[in-house]
Structure formats: C-alpha cells, structure tokens
2 protein chains.
Amino acid sequence: MTTRRVNLNTESVDNYLKAIFALGGPEEERVSSTALAERLGVAPASITNMLQKLAASPKSLVEYESRRGVRLSPAGRLRALEVLRHHRLLETFLYEVLDYPIEEVHDEAERLEHFISERFEERIDAKLGRPKFDPHGHCIPALDGKMPAQHSKSLADIKEDGKFIVDSVADGDAALLKRLKAHGIIPGARLLVSSSSHEEFILRAGRAAQAFCLPRSLACAVRLRSSD
Amino acid sequence: MTTRRVNLNTESVDNYLKAIFALGGPEEERVSSTALAERLGVAPASITNMLQKLAASPKSLVEYESRRGVRLSPAGRLRALEVLRHHRLLETFLYEVLDYPIEEVHDEAERLEHFISERFEERIDAKLGRPKFDPHGHCIPALDGKMPAQHSKSLADIKEDGKFIVDSVADGDAALLKRLKAHGIIPGARLLVSSSSHEEFILRAGRAAQAFCLPRSLACAVRLRSSD
DNA sequence: GAAGCAATTTAGGCTTACCTAAATAAATTA
DNA sequence: TAATTTATTTAGGTAAGCCTAAATTGCTTC
C-alpha cells in the first residue's frame, strides 16, 4: 500500500491547486482527472494518486470523491489564490520594473512564483504601488484572496460586430501574445470587432493599426468589455 | 548497481559545485567528503554518491579520485561562478531595488539563484548599472567567470592593532550581520581594531559608533583592507 | 440486460537525492 | 609493527512524483 501522507508545501501541489482552480471556473465546479491530466501534462493515473494523497492529508486542501472529480476546499482555494497573486505580481514586476517584453513575463513568473518569500511579495507589491491588474489585464487577488467580480466577456462569445475595449489577453501563448501586441491589441485598447466568417474574427485596434485576423479557435485568448 | 548518469541541471548539483568552490579556497585545493558533508548538511555517504555520479557523467564538472577528495574542473568552476554571480546580483538587487535589510538578502538569494533565467540576470544587472560588488562587499563574477584578485585580509589574521577599511562582511549569519550593521561595521567603513584579549577583538567604526566586541571565533566574518 | 466504450483507479516500476549501518582504507599512536 | 581511530565508501532503503499496463466502474446503445 502506498503512503498516505504528502508534504503539502511543494511546487507540485501548488500546481495541482492552481490547475483545479483554473479548470473549476467561476462556479468552482468539480474537475475531472482527465482534464487535470491534460492541463498538467501528466498521466491520468498520476492525478488520481496525487488527489488521493491530497484528500487524505489532515490539512484538507481539496474535496475528492473517487470517480467524481475534485474541488478545492476553502483552504485550497486560498492557497491557489496566493500562488496566483504571486504569479501576477511577478508578471507586473517583470514588465514594469525589469522592462520584460509582455510575452516573456509568463514563463519567468511561472517558475519564480513558487520560490519567492512573503517579504519579496510585499516588497514588489509596494514598489509597484499595490497594483490591481497585471500587464495582461488580469486582476491581482488581494492578500486575503479577494478579487472583484469580472465584468468582461470572451471574444469567443461575441455574436455581432461592434466596438469594445480590450479587457485582458491570455498569457500562456507567447507567440500569439506578441502578434496581438504588434497589432495594438493590448488591455485598454479600443477594438473594432467584425466577424468575417465562421472561421475567424477581424480585429482592428485604434485606427492606425492594421487589421488582424484571429481564428475563432483562439478567440478565447481575448476578453472584452463594452466601450461605455 | 546504481545508475551512472545524473541530470546535471539541478539545484542540488549547483549546491555541490558552489560548496566545492567555496571550500577549495583561492588555491582550489582538493575538498574532502567530510568537509562537503558538513557544509551541505548531508551525510558523508550521500556526498560520495553524488561525487561518483558527477565524476562519471560525460560533461565532467569535477575531478574526483576515491578517498582523495574533489576539485572542480574548468567547466565546474565556470558553473559555480555563474551561480555565484546570480547569487550576488540578486543580493544587490534585493538590497538596492527592493530595499531589503542587508541581513535578509542572503537567504532569499540562496533560494532564487537556481531559478532565474539568463534574461532575468541580464535585466537586474542592467538595472543596477553592472555592479562590481554586492552589499556585503563581495565582488560579483563577470559573465565569463572572471573576478579581480582579492586584496583583503581576514580580521582573524590581524596580529596588531590598527586602522583599516572594512572590505566585506560574511553573508551567512544574519544575526551577526545585523549587529555589525548596528555598529556601523559595513563595507567601506573605517575601522579601528584593537585586540583586547586572546578571546576577542574590540572594533570601532567611525568615531560616533559604539565599540563592538567580536569573539575571535567570528573574526573570519569580517575582511579588511589597509586604510591607504 | 448484455456488450462496448471511455474515464478512472489499482498495481507495480523508475529516478533523484537523500538516509543508516556495515565494510574498508588510511593515518596515527603505542 | 600492531592496534586503534578516523575518513570514506559500499550496500541497501525511503519518500516524492512521475510512469505504463492492467483492472474496474459507470455509462450508452443496441
């Protein structure tokens, strides 16, 4: 029989919690092993194993029932938000203070988020003037885990042409991010959206910028809010 | 039989290389397993094990002969210096940009040095104006591993009373560092050294500062150069 | 209601970097 | 030189966090 205890303060556990948080969505629905396996790039069996250990641990971070998926417990949610806070503060810091190009902040933050101290977190937060948003337009959770409600909608859900403000852009795909930036599609920009076909959107930021064709499959990388 | 290959890009290997570099001294003498074990806080058998793997690896980072100690190869030395560069740049950055108290920079840098990218290194180096010394007065190795020769001497080797300039202070012992700072004993300070007994030194920085009694056992934490 | 299928879990392995205990080698002392 | 002490290495083991292959479970669908 396998051991029943885990050390909960590992990079690995943090990544599981982050993934459950992200996949659970705002409704915090149960997340399946398969979805987690895909997200974390790990075999489904490894997921089961880790979830069993996490659930069996005294400090319960997740609620897990065999074959019925996982959810974060309040403690797990708080931890996930702490890591997210680290991540987004780091991204902001790399962008604002160290002049990283936006498409490179994610990977660096992804590595460092696990290793910075509370003091480091506090100091960059102070240095940046307690920012509320990272350079992608994502909001930075407060120390107690609070985040203001989201009022943006995914470009993927836009049904008719119109004018919007870019709320945020996804940080995972560096190449896409670079192209979006090159066309002026950055948080806060005015954006003219027209749907050329079932395949793609045509986007134009400001009037100087060239039009940009974005396949619908990537449309979820851009979130919008109405332009007043 | 144990495996003959190691992944050389691990935090652990970096720490071994750093320790060998530090213990070898400027003459780069062979370092014993016991000394390494003590420095790294690990059982002697674990040292033997790791050294055998390191030595057997194709990319030879160390020269190791059974029961005769280890030395760094040129490649190992370069790697150790890269890590040392990371460490000292980070310390400088935490101190100058993030306003850390000097006694806290070491531990944070010790953790982060393994995870920052070349880009991060370059950016903090640029931000700091390509510094040559860290806040403890230690010189920062160049990208190619070069370091200017040291012209300081340990307080422990001082035989007669006199006036000196504080060259550097050791970074490992936070409590001591804090006390030294409180008495004005920081790199660049003028220092009056008198030897009260076989047990301790009496140190006075500037004339405002209070005298500070430092046990001889800790004297190696302070390095001096002559005051012109 | 049985067959087929996809998702999930169990079982058993591997690697890394540690550990302890026992064996061996080298150095010191009598 | 023989005996003792100390340093080092060998041998065998552990915990994490991953893996693959082989069950198993819980649906669908006929």
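Every chain is numbered from 1, with letters handed out A, B, ... down the list of sequences. The figures that follow rest on heavy atoms only: side chains count, while hydrogens, waters and symmetry mates do not.
The distance from atom CG of B/Asn7 to atom P of C/dC18 is 13 Å, rounded to the nearest whole Å. Between B/Asn9 atom CG and C/dT16 atom C1' there is a gap of 14 Å when expressed in whole angstrom units. Residue A/Glu11 contributes atom CD, which lies 10 Å from atom P of D/dC18 at whole-angstrom precision. Straight-line distance from the CG atom of B/Leu54 to the P atom of C/dC18: 11 Å, rounded to whole Å. When the C1' atom of C/dT15 is taken as reference, atom NZ of B/Lys53 falls 8 Å away, rounded to whole Å.
Remark: A/His106 engages A/His87 in a ring-ring contact (aromatic ring centres under 6.0 Å, His included) (not counting sequence neighbours). Taking the ring-ring contact (aromatic ring centres under 6.0 Å, His included) definition, one finds that A/Phe133 meets it with nothing, sequence neighbours left out. Residues forming a ring-ring contact (aromatic ring centres under 6.0 Å, His included) with A/His138 (at least two apart in sequence, or on another chain): A/His136. Legend: residues meeting side-chain hydrogen bond (donor to acceptor under 3.5 Å, both in side chains) with A/Glu103, ordered by chain and number and at least two apart, are A/Lys181. In this structure, the side-chain hydrogen bond (donor to acceptor under 3.5 Å, both in side chains) partners of B/Asp125, at least two apart in sequence or on a different chain, are B/Arg85, B/Arg130.
Between A/Tyr16 and the phosphate of D/dC18, there is a side-chain N or O to OP1/OP2 separation shorter than 4.0 Å. Between B/Ser12 and C/dT16 there is no side-chain polar atom (N or O) within less than 4.0 angstrom of OP1 or OP2.
Between A/Glu65 and A/Arg30 there is a salt bridge, with a side-chain nitrogen of the basic residue lying less than 4.0 Å from a carboxylate oxygen of the acidic one.
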Write out a two-atom table: protein N or O, nucleotide N or O from nucleotides 9-13 of chain C, distance below 3.5 Å.
| from | atom 1 | to | atom 2 | distance (Å) |
| --- | --- | --- | --- | --- |
| C/dT9 | OP1 | A/Tyr64 | OH | 2.4 |
| C/dT9 | OP1 | A/Ser66 | OG | 3.4 |
| C/dT9 | OP1 | A/Arg67 | N | 2.6 |
| C/dT9 | OP2 | A/Ser33 | OG | 3.0 |
| C/dT9 | OP2 | A/Thr48 | OG1 | 2.8 |
| C/dT9 | OP2 | A/Tyr64 | OH | 3.2 |
| C/dT9 | O4' | A/Arg67 | NH2 | 3.3 |
| C/dT10 | OP2 | A/Gln52 | NE2 | 2.3 |

